[in-house]
Amino acid sequence: MKHYVFGLALLLPLVGTVAAQEAANPDLVKRGEYLVNAMGCHDCHTPLKMGPNGPEPDMSRGLSGHPQEIKITAPAVVSDPWIGASSATNTAHSGPWGVSFTANLTSDPETGVLRDYTEAQFLQMMRTGRKQGQGRAILPPMPWPPFGKLNDDDLKAIFAYLKQVPPIKNKVPDPIPPKQ
Amino acid sequence: MVRRESGSSTFSRAGMLAAAALLACAIIFAEGQASSHALDTPPRLLSETGLYADAGALVVDPRNLPFSPQYPLWSDSAAKSRWIRLPSGGVIDGSDADAWTFPIGTRFWKEFSFEGHRVETRYMELQANGKWLYASYEWSPDGRDATLAPDRGRRDAFALGHGRFHGIPGTADCKVCHQGGPAEVLGFSTLQLSPAVDAAALHGASGAAGIKLDYLIANGLIKGYERWPSLAPVIEARSKAERLVLGYLHGNCGQCHNSRASLANLGMFLREELLLLPGSVVETIVGKPVKKSAPGQSADATYRIDPGHPERSALLQRLSSRYPALQMPPLGTVLVDDEAVAVVTKWIAELKVKEGQ
(Lines give C-alpha, C1' and ligand atoms only; values in the text may rest on other atoms or scores of the structure.)
Protein backbone atom coordinates (compact mmCIF):
# COMPACT_ATOMS: atom_id res chain seq x y z
CA MET A 1 0.00 0.00 0.00
CA LYS A 2 2.92 2.26 0.64
CA HIS A 3 3.74 1.78 -3.04
CA TYR A 4 0.97 3.77 -4.47
CA VAL A 5 2.78 7.00 -5.05
CA PHE A 6 5.43 5.15 -6.95
CA GLY A 7 2.88 3.26 -8.99
CA LEU A 8 1.42 6.56 -10.06
CA ALA A 9 4.85 7.86 -10.94
CA LEU A 10 5.48 4.99 -13.29
CA LEU A 11 2.14 5.53 -14.92
CA LEU A 12 2.61 9.20 -15.67
CA PRO A 13 5.33 8.91 -18.31
CA LEU A 14 3.30 6.18 -19.97
CA VAL A 15 0.27 8.40 -20.13
CA GLY A 16 2.47 10.95 -21.87
CA THR A 17 3.57 8.62 -24.66
CA VAL A 18 0.15 7.15 -25.17
CA ALA A 19 -1.26 10.64 -25.58
CA ALA A 20 1.46 11.44 -28.10
CA GLN A 21 0.73 8.35 -30.15
CA GLU A 22 -2.96 8.99 -30.12
CA ALA A 23 -2.14 12.35 -31.64
CA ALA A 24 -2.74 10.59 -34.94
CA ASN A 25 -6.08 12.44 -34.68
CA PRO A 26 -6.05 13.81 -38.25
CA ASP A 27 -8.04 16.98 -37.55
CA LEU A 28 -5.74 17.97 -34.74
CA VAL A 29 -2.64 17.31 -36.85
CA LYS A 30 -4.09 19.29 -39.75
CA ARG A 31 -4.83 22.25 -37.54
CA GLY A 32 -1.34 21.98 -36.11
CA GLU A 33 0.21 22.01 -39.57
CA TYR A 34 -1.85 25.07 -40.47
CA LEU A 35 -0.69 26.90 -37.35
CA VAL A 36 2.97 25.92 -37.77
CA ASN A 37 2.92 27.19 -41.35
CA ALA A 38 1.07 30.38 -40.57
CA MET A 39 3.01 31.28 -37.43
CA GLY A 40 6.43 31.14 -38.97
CA CYS A 41 8.04 28.20 -37.19
CA HIS A 42 9.81 27.35 -40.46
CA ASP A 43 11.37 30.83 -40.62
CA CYS A 44 13.81 29.85 -37.91
CA HIS A 45 13.57 26.10 -37.50
CA THR A 46 14.01 25.17 -41.20
CA PRO A 47 17.40 26.24 -42.58
CA LEU A 48 17.43 28.65 -45.50
CA LYS A 49 19.33 27.73 -48.64
CA MET A 50 20.07 29.80 -51.74
CA GLY A 51 17.56 29.24 -54.54
CA PRO A 52 16.98 30.82 -57.95
CA ASN A 53 14.95 33.62 -56.35
CA GLY A 54 17.11 34.14 -53.30
CA PRO A 55 17.06 32.34 -49.94
CA GLU A 56 14.29 29.80 -49.44
CA PRO A 57 13.54 27.20 -46.74
CA ASP A 58 15.25 23.89 -47.40
CA MET A 59 12.23 21.65 -46.96
CA SER A 60 14.36 18.52 -47.18
CA ARG A 61 15.47 19.60 -43.71
CA GLY A 62 12.05 20.79 -42.62
CA LEU A 63 11.96 21.85 -38.96
CA SER A 64 15.24 20.10 -38.14
CA GLY A 65 16.86 23.25 -36.68
CA HIS A 66 20.41 24.54 -37.00
CA PRO A 67 22.39 22.13 -39.24
CA GLN A 68 24.98 20.29 -37.15
CA GLU A 69 27.69 20.62 -39.82
CA ILE A 70 27.65 24.43 -39.72
CA LYS A 71 30.07 25.05 -36.88
CA ILE A 72 29.92 28.31 -34.98
CA THR A 73 32.31 28.87 -32.10
CA ALA A 74 31.84 32.45 -30.92
CA PRO A 75 29.27 35.25 -30.88
CA ALA A 76 29.33 37.73 -33.79
CA VAL A 77 31.26 40.96 -33.36
CA VAL A 78 29.07 43.92 -34.34
CA SER A 79 29.37 47.66 -33.85
CA ASP A 80 26.84 50.20 -32.62
CA PRO A 81 23.88 50.44 -33.15
CA TRP A 82 23.73 46.72 -34.04
CA ILE A 83 23.25 44.26 -31.23
CA GLY A 84 23.02 40.99 -33.06
CA ALA A 85 23.47 38.92 -36.18
CA SER A 86 21.94 35.88 -37.86
CA SER A 87 23.55 33.11 -39.83
CA ALA A 88 22.76 32.70 -43.55
CA THR A 89 20.54 29.73 -42.65
CA ASN A 90 18.67 31.91 -40.11
CA THR A 91 19.14 29.08 -37.61
CA ALA A 92 21.89 30.64 -35.47
CA HIS A 93 21.38 33.96 -33.76
CA SER A 94 23.95 36.02 -31.94
CA GLY A 95 23.14 38.76 -29.43
CA PRO A 96 23.64 39.79 -25.81
CA TRP A 97 22.53 36.25 -24.84
CA GLY A 98 25.47 34.67 -26.69
CA VAL A 99 24.56 32.41 -29.60
CA SER A 100 21.33 30.41 -29.75
CA PHE A 101 20.66 27.62 -32.22
CA THR A 102 17.15 26.73 -33.31
CA ALA A 103 15.98 23.36 -32.07
CA ASN A 104 15.27 20.20 -34.04
CA LEU A 105 11.47 19.99 -33.84
CA THR A 106 11.16 16.76 -35.87
CA SER A 107 10.14 13.46 -34.33
CA ASP A 108 13.68 12.07 -34.44
CA PRO A 109 13.91 9.91 -31.33
CA GLU A 110 17.56 10.70 -30.77
CA THR A 111 18.08 14.34 -31.69
CA GLY A 112 14.58 15.82 -31.70
CA VAL A 113 14.07 18.13 -28.71
CA LEU A 114 10.43 17.11 -28.28
CA ARG A 115 11.44 13.59 -27.30
CA ASP A 116 11.85 14.99 -23.79
CA TYR A 117 8.54 16.81 -23.78
CA THR A 118 5.09 15.80 -22.62
CA GLU A 119 2.20 17.74 -24.10
CA ALA A 120 1.71 19.55 -20.78
CA GLN A 121 5.37 20.60 -20.71
CA PHE A 122 5.11 21.90 -24.29
CA LEU A 123 2.19 24.12 -23.32
CA GLN A 124 3.96 25.27 -20.19
CA MET A 125 7.16 26.05 -22.14
CA MET A 126 5.21 28.38 -24.44
CA ARG A 127 3.64 30.07 -21.38
CA THR A 128 6.70 30.40 -19.12
CA GLY A 129 9.50 30.54 -21.69
CA ARG A 130 11.40 27.85 -19.81
CA LYS A 131 12.73 24.51 -20.96
CA GLN A 132 10.11 21.82 -20.38
CA GLY A 133 8.12 24.57 -18.71
CA GLN A 134 10.32 24.76 -15.63
CA GLY A 135 13.98 24.71 -16.64
CA ARG A 136 16.41 27.28 -18.01
CA ALA A 137 15.08 30.33 -19.84
CA ILE A 138 14.51 29.75 -23.57
CA LEU A 139 16.81 32.15 -25.44
CA PRO A 140 15.87 34.78 -28.00
CA PRO A 141 14.71 35.07 -30.66
CA MET A 142 12.30 32.19 -29.96
CA PRO A 143 9.01 34.16 -29.85
CA TRP A 144 7.33 32.27 -27.01
CA PRO A 145 5.55 35.34 -25.53
CA PRO A 146 3.16 35.70 -28.50
CA PHE A 147 2.88 31.93 -29.02
CA GLY A 148 2.01 31.56 -25.34
CA LYS A 149 -1.12 33.58 -26.02
CA LEU A 150 -2.55 30.76 -28.14
CA ASN A 151 -5.23 28.76 -26.38
CA ASP A 152 -4.58 25.24 -25.08
CA ASP A 153 -6.28 23.56 -28.04
CA ASP A 154 -4.12 25.37 -30.58
CA LEU A 155 -0.91 24.58 -28.71
CA LYS A 156 -1.97 20.94 -28.41
CA ALA A 157 -2.57 20.88 -32.16
CA ILE A 158 0.92 22.27 -32.83
CA PHE A 159 2.40 19.64 -30.53
CA ALA A 160 0.42 16.84 -32.20
CA TYR A 161 1.62 17.96 -35.63
CA LEU A 162 5.27 18.30 -34.60
CA LYS A 163 5.26 14.86 -32.97
CA GLN A 164 4.57 13.29 -36.36
CA VAL A 165 6.80 15.46 -38.58
CA PRO A 166 9.15 13.00 -40.36
CA PRO A 167 12.29 12.43 -38.28
CA ILE A 168 15.49 14.12 -39.42
CA LYS A 169 18.63 13.27 -37.53
CA ASN A 170 20.42 16.50 -36.73
CA LYS A 171 22.14 17.20 -33.45
CA VAL A 172 21.79 20.91 -32.78
CA PRO A 173 24.76 22.33 -30.83
CA ASP A 174 24.47 23.73 -27.30
CA PRO A 175 24.04 27.48 -26.99
CA ILE A 176 27.23 29.53 -26.59
CA PRO A 177 27.37 31.83 -23.54
CA PRO A 178 28.04 35.56 -24.07
CA LYS A 179 31.60 36.86 -23.82
CA GLN A 180 32.27 38.00 -20.24
CA MET B 1 -6.31 -1.78 -4.62
CA VAL B 2 -3.20 0.26 -4.78
CA ARG B 3 -4.39 2.49 -7.56
CA ARG B 4 -7.92 2.85 -6.29
CA GLU B 5 -6.52 4.39 -3.19
CA SER B 6 -4.71 7.18 -5.03
CA GLY B 7 -7.77 7.78 -7.17
CA SER B 8 -10.11 8.09 -4.24
CA SER B 9 -7.80 10.44 -2.41
CA THR B 10 -7.78 12.76 -5.42
CA PHE B 11 -11.53 12.64 -5.52
CA SER B 12 -11.98 13.37 -1.89
CA ARG B 13 -9.47 16.17 -2.17
CA ALA B 14 -11.48 17.78 -4.94
CA GLY B 15 -14.63 17.38 -2.91
CA MET B 16 -12.99 18.75 0.15
CA LEU B 17 -11.73 21.73 -1.79
CA ALA B 18 -15.19 22.54 -3.02
CA ALA B 19 -16.58 22.25 0.46
CA ALA B 20 -13.73 24.29 1.85
CA ALA B 21 -14.35 26.93 -0.78
CA LEU B 22 -17.97 27.32 0.27
CA LEU B 23 -17.10 27.36 3.91
CA ALA B 24 -14.34 29.86 3.46
CA CYS B 25 -16.48 32.25 1.46
CA ALA B 26 -18.70 32.38 4.48
CA ILE B 27 -15.74 32.95 6.75
CA ILE B 28 -14.31 35.72 4.61
CA PHE B 29 -17.69 37.36 4.66
CA ALA B 30 -17.76 37.19 8.42
CA GLU B 31 -14.21 38.33 8.87
CA GLY B 32 -14.67 41.07 6.36
CA GLN B 33 -11.10 42.21 5.97
CA ALA B 34 -9.21 39.26 4.55
CA SER B 35 -9.79 39.86 0.87
CA SER B 36 -11.05 43.33 0.32
CA HIS B 37 -9.10 43.52 -2.95
CA ALA B 38 -10.37 42.13 -6.27
CA LEU B 39 -9.55 38.58 -7.39
CA ASP B 40 -6.07 38.20 -8.88
CA THR B 41 -5.20 41.76 -7.90
CA PRO B 42 -2.86 41.98 -4.95
CA PRO B 43 -3.04 45.05 -2.71
CA ARG B 44 -0.59 47.78 -3.75
CA LEU B 45 1.17 48.01 -0.39
CA LEU B 46 2.49 45.27 1.84
CA SER B 47 0.90 47.06 4.78
CA GLU B 48 -2.49 46.39 3.16
CA THR B 49 -2.04 42.61 3.18
CA GLY B 50 -2.54 42.30 6.94
CA LEU B 51 1.04 41.46 7.85
CA TYR B 52 1.40 44.25 10.40
CA ALA B 53 -0.68 45.26 13.39
CA ASP B 54 1.18 48.57 13.39
CA ALA B 55 2.53 49.29 9.93
CA GLY B 56 4.36 52.42 11.01
CA ALA B 57 6.40 50.52 13.58
CA LEU B 58 6.43 47.30 11.49
CA VAL B 59 4.93 45.31 14.36
CA VAL B 60 3.70 41.99 13.00
CA ASP B 61 0.09 41.14 13.80
CA PRO B 62 0.20 38.50 16.55
CA ARG B 63 -2.38 36.45 14.68
CA ASN B 64 0.23 35.83 11.98
CA LEU B 65 2.12 32.78 13.17
CA PRO B 66 5.87 32.61 12.54
CA PHE B 67 7.33 29.38 11.16
CA SER B 68 10.55 28.10 9.57
CA PRO B 69 10.89 25.02 7.40
CA GLN B 70 13.70 22.81 8.65
CA TYR B 71 15.12 22.41 5.12
CA PRO B 72 14.94 25.94 3.70
CA LEU B 73 15.47 27.08 0.13
CA TRP B 74 18.89 28.59 -0.62
CA SER B 75 18.45 32.13 -1.96
CA ASP B 76 21.98 33.49 -2.20
CA SER B 77 22.31 33.69 1.60
CA ALA B 78 19.20 35.80 2.14
CA ALA B 79 17.90 35.73 5.72
CA LYS B 80 14.22 34.87 5.74
CA SER B 81 11.24 35.26 8.06
CA ARG B 82 7.94 33.58 7.37
CA TRP B 83 4.39 33.85 8.69
CA ILE B 84 1.07 32.14 8.11
CA ARG B 85 -2.39 33.51 8.84
CA LEU B 86 -5.34 31.17 8.81
CA PRO B 87 -8.79 32.74 8.43
CA SER B 88 -10.55 32.71 11.79
CA GLY B 89 -12.04 29.28 12.36
CA GLY B 90 -10.15 27.94 9.34
CA VAL B 91 -8.64 24.47 9.59
CA ILE B 92 -5.94 22.90 7.40
CA ASP B 93 -6.76 19.52 5.89
CA GLY B 94 -3.69 17.36 6.39
CA SER B 95 -5.20 14.05 5.40
CA ASP B 96 -2.84 13.80 2.46
CA ALA B 97 0.34 13.85 4.51
CA ASP B 98 2.36 15.02 1.51
CA ALA B 99 0.01 17.68 0.17
CA TRP B 100 -2.05 19.66 2.65
CA THR B 101 -5.06 21.72 1.62
CA PHE B 102 -5.59 25.12 3.16
CA PRO B 103 -8.80 26.99 3.92
CA ILE B 104 -9.74 29.79 1.53
CA GLY B 105 -8.34 33.06 2.79
CA THR B 106 -5.08 31.56 4.07
CA ARG B 107 -2.17 33.97 3.71
CA PHE B 108 1.59 33.43 3.75
CA TRP B 109 4.43 35.93 3.89
CA LYS B 110 8.15 35.39 3.40
CA GLU B 111 10.50 38.28 4.02
CA PHE B 112 13.99 38.35 2.42
CA SER B 113 16.81 40.38 3.94
CA PHE B 114 20.39 40.83 2.84
CA GLU B 115 23.00 42.30 5.15
CA GLY B 116 20.26 43.38 7.54
CA HIS B 117 18.21 45.21 4.89
CA ARG B 118 14.74 44.04 4.00
CA VAL B 119 14.67 43.63 0.21
CA GLU B 120 11.42 41.90 -0.65
CA THR B 121 8.46 40.24 1.04
CA ARG B 122 6.72 37.51 -0.92
CA TYR B 123 3.02 36.94 -0.45
CA MET B 124 0.60 34.14 -1.18
CA GLU B 125 -3.12 34.18 -0.56
CA LEU B 126 -5.66 31.45 -1.27
CA GLN B 127 -8.44 33.32 -3.03
CA ALA B 128 -12.15 32.61 -3.00
CA ASN B 129 -11.83 30.96 -6.44
CA GLY B 130 -9.51 28.34 -4.94
CA LYS B 131 -6.41 29.74 -6.68
CA TRP B 132 -3.30 30.98 -4.96
CA LEU B 133 -2.43 34.59 -5.60
CA TYR B 134 1.32 35.31 -5.89
CA ALA B 135 2.91 38.69 -5.33
CA SER B 136 6.10 40.23 -4.10
CA TYR B 137 6.60 43.57 -2.39
CA GLU B 138 9.84 45.49 -2.78
CA TRP B 139 11.05 47.52 0.17
CA SER B 140 11.73 51.22 -0.15
CA PRO B 141 15.38 52.13 0.51
CA ASP B 142 14.38 53.75 3.83
CA GLY B 143 12.77 50.46 4.89
CA ARG B 144 9.42 52.12 5.74
CA ASP B 145 7.04 50.13 3.54
CA ALA B 146 7.06 47.87 0.56
CA THR B 147 5.17 48.29 -2.69
CA LEU B 148 3.97 45.68 -5.14
CA ALA B 149 6.81 44.66 -7.46
CA PRO B 150 6.18 44.69 -11.21
CA ASP B 151 4.55 41.56 -12.58
CA ARG B 152 7.78 40.68 -14.35
CA GLY B 153 9.79 41.08 -11.16
CA ARG B 154 12.98 43.10 -10.74
CA ARG B 155 16.29 41.67 -11.84
CA ASP B 156 18.55 43.95 -9.82
CA ALA B 157 16.78 44.22 -6.48
CA PHE B 158 19.93 43.92 -4.38
CA ALA B 159 23.62 44.03 -5.36
CA LEU B 160 25.40 40.92 -4.09
CA GLY B 161 28.80 42.05 -5.38
CA HIS B 162 30.84 40.91 -8.39
CA GLY B 163 28.15 42.20 -10.71
CA ARG B 164 25.57 39.75 -9.35
CA PHE B 165 22.12 40.72 -8.15
CA HIS B 166 19.39 39.16 -6.10
CA GLY B 167 16.35 39.40 -8.36
CA ILE B 168 12.69 39.45 -7.42
CA PRO B 169 11.02 36.73 -9.50
CA GLY B 170 8.11 37.64 -11.76
CA THR B 171 4.80 36.04 -10.87
CA ALA B 172 5.13 33.54 -13.74
CA ASP B 173 8.37 32.36 -12.11
CA CYS B 174 6.72 32.03 -8.68
CA LYS B 175 4.49 29.43 -10.33
CA VAL B 176 7.39 27.64 -12.03
CA CYS B 177 8.47 26.54 -8.53
CA HIS B 178 5.23 26.61 -6.58
CA GLN B 179 3.10 24.81 -9.16
CA GLY B 180 5.65 22.09 -9.87
CA GLY B 181 4.29 19.51 -7.45
CA PRO B 182 1.21 18.19 -5.73
CA ALA B 183 1.04 21.13 -3.28
CA GLU B 184 1.61 24.81 -3.98
CA VAL B 185 2.62 25.56 -0.41
CA LEU B 186 6.20 24.32 -0.14
CA GLY B 187 7.64 25.07 3.27
CA PHE B 188 4.62 24.55 5.52
CA SER B 189 4.24 20.79 5.49
CA THR B 190 4.46 17.64 7.56
CA LEU B 191 8.16 17.11 7.04
CA GLN B 192 9.19 20.77 7.07
CA LEU B 193 7.40 21.45 10.38
CA SER B 194 8.36 18.25 12.12
CA PRO B 195 9.12 18.85 15.79
CA ALA B 196 11.99 16.38 15.35
CA VAL B 197 14.14 19.09 13.77
CA ASP B 198 17.25 17.95 11.90
CA ALA B 199 19.92 19.86 13.81
CA ALA B 200 22.42 19.31 10.98
CA ALA B 201 20.19 20.86 8.26
CA LEU B 202 21.95 23.41 6.06
CA HIS B 203 21.06 27.05 6.65
CA GLY B 204 18.56 25.72 9.14
CA ALA B 205 19.74 27.97 11.95
CA SER B 206 16.20 29.22 12.39
CA GLY B 207 14.69 25.78 11.72
CA ALA B 208 13.84 25.32 15.36
CA ALA B 209 11.98 28.62 15.53
CA GLY B 210 8.29 29.17 15.12
CA ILE B 211 5.32 26.85 15.23
CA LYS B 212 5.58 23.12 14.54
CA LEU B 213 3.12 20.30 13.94
CA ASP B 214 2.40 19.93 17.64
CA TYR B 215 1.22 23.55 17.83
CA LEU B 216 -1.17 23.06 14.91
CA ILE B 217 -2.58 19.89 16.43
CA ALA B 218 -2.89 21.27 19.96
CA ASN B 219 -4.74 24.33 18.70
CA GLY B 220 -7.12 22.47 16.44
CA LEU B 221 -5.70 24.13 13.35
CA ILE B 222 -5.25 20.91 11.40
CA LYS B 223 -7.28 17.77 10.79
CA GLY B 224 -6.49 14.44 9.19
CA TYR B 225 -3.22 13.98 11.07
CA GLU B 226 -4.39 10.63 12.43
CA ARG B 227 -3.47 9.31 9.00
CA TRP B 228 0.15 10.34 9.17
CA PRO B 229 2.71 7.62 9.72
CA SER B 230 4.34 9.82 12.38
CA LEU B 231 3.68 13.08 14.20
CA ALA B 232 7.41 13.82 14.24
CA PRO B 233 8.59 12.57 10.86
CA VAL B 234 12.28 12.20 10.14
CA ILE B 235 13.80 11.40 6.74
CA GLU B 236 14.85 7.79 6.77
CA ALA B 237 18.48 7.65 5.72
CA ARG B 238 21.51 5.44 6.30
CA SER B 239 23.48 8.19 8.02
CA LYS B 240 23.13 11.71 9.37
CA ALA B 241 25.11 12.99 6.41
CA GLU B 242 22.77 11.33 3.97
CA ARG B 243 19.74 12.68 5.82
CA LEU B 244 20.92 16.24 5.52
CA VAL B 245 21.65 15.79 1.80
CA LEU B 246 18.19 14.36 1.23
CA GLY B 247 16.65 17.17 3.26
CA TYR B 248 18.53 19.72 1.18
CA LEU B 249 17.36 18.14 -2.07
CA HIS B 250 13.81 18.06 -0.73
CA GLY B 251 13.82 21.76 0.16
CA ASN B 252 15.65 22.99 -2.94
CA CYS B 253 14.81 20.58 -5.72
CA GLY B 254 11.76 18.52 -4.77
CA GLN B 255 9.29 21.23 -5.71
CA CYS B 256 10.05 20.44 -9.37
CA HIS B 257 11.61 16.98 -9.20
CA ASN B 258 8.84 14.76 -7.90
CA SER B 259 6.64 11.93 -9.02
CA ARG B 260 3.37 13.76 -8.82
CA ALA B 261 3.60 16.51 -11.40
CA SER B 262 4.86 17.80 -14.71
CA LEU B 263 8.49 16.66 -14.54
CA ALA B 264 7.61 13.10 -13.48
CA ASN B 265 8.79 11.90 -16.90
CA LEU B 266 12.38 12.67 -15.90
CA GLY B 267 12.10 9.81 -13.41
CA MET B 268 14.14 11.69 -10.82
CA PHE B 269 12.28 12.22 -7.58
CA LEU B 270 13.98 14.44 -5.01
CA ARG B 271 10.89 15.21 -2.96
CA GLU B 272 10.69 13.27 0.28
CA GLU B 273 7.20 11.98 0.76
CA LEU B 274 5.94 10.29 3.86
CA LEU B 275 4.20 7.68 1.79
CA LEU B 276 7.30 6.76 -0.18
CA LEU B 277 9.43 3.87 0.92
CA PRO B 278 12.71 4.79 2.58
CA GLY B 279 15.47 4.98 0.00
CA SER B 280 13.25 5.81 -2.94
CA VAL B 281 14.88 9.20 -3.56
CA VAL B 282 18.35 7.65 -3.51
CA GLU B 283 17.11 5.01 -5.92
CA THR B 284 16.32 7.57 -8.62
CA ILE B 285 19.78 9.19 -8.55
CA VAL B 286 22.55 6.92 -7.29
CA GLY B 287 23.96 4.89 -10.18
CA LYS B 288 21.15 6.15 -12.43
CA PRO B 289 22.12 7.35 -15.90
CA VAL B 290 21.46 10.94 -16.86
CA LYS B 291 18.48 11.27 -19.11
CA LYS B 292 19.83 14.24 -20.99
CA SER B 293 23.20 15.91 -20.72
CA ALA B 294 22.96 19.68 -20.26
CA PRO B 295 25.15 22.33 -21.94
CA GLY B 296 28.39 22.64 -19.98
CA GLN B 297 28.10 19.23 -18.31
CA SER B 298 31.32 17.20 -18.62
CA ALA B 299 31.27 14.30 -21.08
CA ASP B 300 32.14 11.74 -18.40
CA ALA B 301 29.17 12.75 -16.20
CA THR B 302 26.89 10.02 -17.44
CA TYR B 303 25.33 9.24 -14.06
CA ARG B 304 23.25 11.53 -11.90
CA ILE B 305 25.28 10.33 -8.92
CA ASP B 306 28.31 8.21 -9.67
CA PRO B 307 29.08 6.51 -6.35
CA GLY B 308 32.56 7.37 -5.14
CA HIS B 309 32.99 9.95 -7.94
CA PRO B 310 31.69 13.40 -7.12
CA GLU B 311 33.71 14.95 -9.97
CA ARG B 312 31.72 13.11 -12.60
CA SER B 313 28.28 13.18 -10.97
CA ALA B 314 25.88 15.21 -13.09
CA LEU B 315 23.70 16.27 -10.17
CA LEU B 316 26.67 17.79 -8.38
CA GLN B 317 27.89 19.53 -11.54
CA ARG B 318 24.50 21.18 -11.93
CA LEU B 319 24.29 22.13 -8.25
CA SER B 320 27.78 23.66 -8.49
CA SER B 321 27.11 25.76 -11.58
CA ARG B 322 25.54 29.13 -12.17
CA TYR B 323 25.85 28.96 -15.94
CA PRO B 324 22.15 29.43 -16.77
CA ALA B 325 21.90 26.44 -19.12
CA LEU B 326 23.45 24.09 -16.57
CA GLN B 327 22.59 25.42 -13.12
CA MET B 328 20.15 23.78 -10.73
CA PRO B 329 17.84 25.05 -9.53
CA PRO B 330 17.31 26.88 -12.82
CA LEU B 331 16.04 30.09 -11.21
CA GLY B 332 15.92 32.02 -7.97
CA THR B 333 19.67 31.98 -7.32
CA VAL B 334 22.83 33.45 -8.85
CA LEU B 335 25.38 32.31 -6.26
CA VAL B 336 26.50 28.73 -5.71
CA ASP B 337 25.62 27.33 -2.29
CA ASP B 338 29.15 26.31 -1.30
CA GLU B 339 28.07 24.55 1.88
CA ALA B 340 25.66 22.39 -0.07
CA VAL B 341 28.31 21.58 -2.66
CA ALA B 342 30.64 20.52 0.15
CA VAL B 343 28.19 18.15 1.86
CA VAL B 344 26.94 16.62 -1.38
CA THR B 345 30.53 16.10 -2.57
CA LYS B 346 31.43 14.34 0.66
CA TRP B 347 28.31 12.20 0.56
CA ILE B 348 29.02 11.03 -3.00
CA ALA B 349 32.69 10.40 -2.26
CA GLU B 350 31.73 8.09 0.59
CA LEU B 351 29.12 6.11 -1.33
CA LYS B 352 30.29 2.58 -1.99
CA VAL B 353 30.88 1.93 -5.66
CA LYS B 354 28.77 -1.21 -5.73
CA GLU B 355 25.75 0.64 -4.41
CA GLY B 356 22.94 1.23 -6.80
CA GLN B 357 24.72 -0.44 -9.68
Side-chain angles (χ1 to χ4, degrees), chain A residues 1-20 96-101 103 109-139 144-145 148 171-178 180, chain B residues 1-10 96-99 163 170-177 179-182 229 255-269 271 273-278 280 283-284 291-297 318 323-331:
Chain A
M1 132 151 201
K2 277 185 153 187
H3 284 275
Y4 88 81
V5 178
F6 240 22
L8 194 71
L10 293 175
L11 269 176
L12 278 175
L14 277 178
V15 172
T17 36
V18 170
W97 59 89
V99 182
S100 57
F101 299 98
E110 219 179 293
T111 61
V113 72
L114 295 179
R115 71 166 209 162
D116 300 320
Y117 273 80
T118 62
E119 181 189 72
Q121 290 170 357
F122 182 78
L123 266 64
Q124 208 188 350
M125 182 274 282
M126 290 292 196
R127 301 263 153 79
T128 61
R130 293 187 169 276
K131 203 162 179 76
Q132 285 175 268
Q134 291 174 280
R136 71 159 169 95
I138 300 288
L139 299 171
W144 61 267
K171 191 168 176 357
V172 173
D174 287 339
I176 301 174
Q180 286 307 322
Chain B
M1 128 102 206
V2 166
R3 220 161 294 145
R4 183 161 45 96
E5 180 143 350
S6 76
S8 68
S9 87
T10 316
D96 180 340
D98 296 313
T171 45
D173 279 346
C174 308
K175 296 174 187 171
V176 165
C177 283
Q179 296 183 344
Q255 69 268 32
C256 290
H257 293 296
N258 59 76
S259 62
R260 296 221 248 163
S262 179
L263 285 179
N265 65 334
L266 266 182
M268 184 176 77
F269 308 138
R271 185 179 195 260
E273 297 188 0
L274 270 69
L275 296 173
L276 284 180
L277 291 174
S280 34
E283 227 169 73
T284 69
K291 196 148 186 222
K292 191 168 176 209
S293 179
Q297 191 172 310
R318 301 195 71 165
Y323 169 44
L326 181 63
Q327 80 168 63
M328 281 293 148
L331 75 169

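Here the structure is a predicted model, which means the values were calculated and not measured. Convention: sequence-line order gives letters A, B, ...; per-chain numbering from 1.
- With chain A as partner, the option from B:S262, B:G180, B:G163 having the largest number of non-hydrogen pairs under 4.5 angstrom is B:S262.
- A salt bridge links A:R130 to B:D173: at least one charged side-chain nitrogen sits closer than 4.0 Å to a carboxylate oxygen.
- Looking at heavy atoms from C-beta onward, B:P182 lies out of side-chain contact with B:D98 at the 4.5 angstrom threshold.
- Neither the backbone nor the side chain of B:K175 has a heavy atom closer than 4.5 Å to any heavy atom of chain A.
- Residue A:R127 does not touch chain B at all, counting heavy-atom pairs closer than 4.5 Å.
- Using a 4.5 Å heavy-atom cutoff, the side chains of A:K131 and A:V113 are in contact.
- Taking CG of B:L331 as the start and SG of B:C256 as the end, the distance is 7.5 Å to the nearest 0.5 Å.
- Contact detail for A:D174 and A:F101: the closest heavy-atom pair is O-CE1, 3.3 Å.
- Between chain B and the options A:Q132, A:Q121, A:R115, the largest number of non-hydrogen pairs under 4.5 Å is found for A:Q121.
- Interface remark: B:L263 contributes backbone and side-chain atoms alike to the contact with chain A (heavy atom separation under 4.5 Å).
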